There are 2 protein chains.
Amino acid sequence: MAFHKKEEFTQKEQDLANFAKAMSHPARIAILKVLAQRNECICGELVDMLPLAQSTVSQHLKELKNAGLINGETDGPRSCYCINWKAFEKFNNEFNLLFSNLKIKNEKACC
Amino acid sequence: MAFHKKEEFTQKEQDLANFAKAMSHPARIAILKVLAQRNECICGELVDMLPLAQSTVSQHLKELKNAGLINGETDGPRSCYCINWKAFEKFNNEFNLLFSNLKIKNEKACC
DNA sequence: ATCTTATATCGCAAATATACGATGAATGTG
DNA sequence: CACATTCATCGTATATTTGCGATATAAGAT
């Protein structure tokens, strides 16, 4: 963006947006789905499951980790990832909070 | 992305990612928040509330509309927007579905 | 020590996203 | 009709994302 306008929004708005951004790519959704199914940590098996190069998968994992959606432990030459529960619940709550009013006023829709 | 890799993922993965992408900017979060508070439709008031130019706000609205998160009605020279309930509930459901397993297996975390 | 395996990181190319001013279209006002 | 108002769209500059191959790192195997 031509000149960091993002910083002019509230912290909560930025946090929610960052959370959403972390999930804004099908590869990262797929990764989260796998980590959800087997809640044991996975490593390079993800590379075999996704139609992407190893370096690309690694990059997506890094983004998910930076956003706090997953935890990673580098275990010797292998790496082990799993979902970060607390972050997920926190954002899920804020998300619902943002739209909780809406569900009540639903009928008054104007367009 | 260098060559539409996104299309190699499932439709559901792409849908969820698109939904997340629509929310991946603080301005769009802010817009949704305003539309949530007043569930009556808003038009250019958004421009006054956001630290962005009119054309930029219009662009964000367009993206939200394309993603199906909001509805818009062009009412003479003014435009009127409000949340698209059904889309929101649908995606909220899929979102929870994706992670429902996790909440149960929480204790078995490995890292 | 050398080689293999599993990952992360770097550097680059291509595609997208973000932002804005300028312009266009639609409608209402004097 | 001329003009102001409200909003969408176009063109453009810049920044970010996505993806890959090549390379670096770390640990175990031979």
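Just so we're clear, the structure is a prediction, and the values are computed from it rather than from any experiment. Lettering follows sequence order; numbering is per chain, from 1.
- Looking at B:Leu61 and B:Tyr81, their side chains come closer than 4.5 Å, going by heavy atoms from C-beta outward.
- Listed for the A:Arg28 side chain is no donor-acceptor partner under 3.5 Å among the backbone atoms of B:Ala17.
- Counting heavy atoms from C-beta on, the side chains of A:Ile31 and A:Ile42 never come closer than 4.5 Å.
- Closest to the B:Pro77 side chain, of the nucleotides D:dT6, D:dA27, D:dT18, is D:dT6.
- In terms of position along DNA chain C, the nucleotide closest to A:Val47 lies nearer the 5' end than the nucleotide closest to the other residue of the pair A:Val47 and A:Phe9.
- The side chain of B:Lys62 sits closest to D:dT9 out of D:dT9, D:dT18, C:dA19.
- The separation between B:His25 atom NE2 and C:dA19 atom C1' is 9 Å, rounded to whole Å.
- No side-chain donor from either of B:Gln14 and B:Asn18 sits under 3.5 Å from a side-chain acceptor of the other.
- Nucleic acid contact for A:Glu63: sugar-phosphate only, since backbone atoms but no base atoms lie under 4.0 Å from a heavy atom of the residue.
- No hydrogens or angles were tested; on distance alone, a donor-acceptor pair under 3.5 Å links the side chain of B:Gln54 to the base of D:dA8.
- Looking at heavy-atom distances under 4.0 Å, B:Leu61 makes no contact with the nucleic acid at all.
- OP1 or OP2 of D:dA8 lies within a sub-4.0 Å distance of a side-chain N or O belonging to B:Ser58.
- Across all strands, A:Ser79 comes closer than 4.0 Å only to sugar-phosphate atoms, never to a base (heavy-atom distances).
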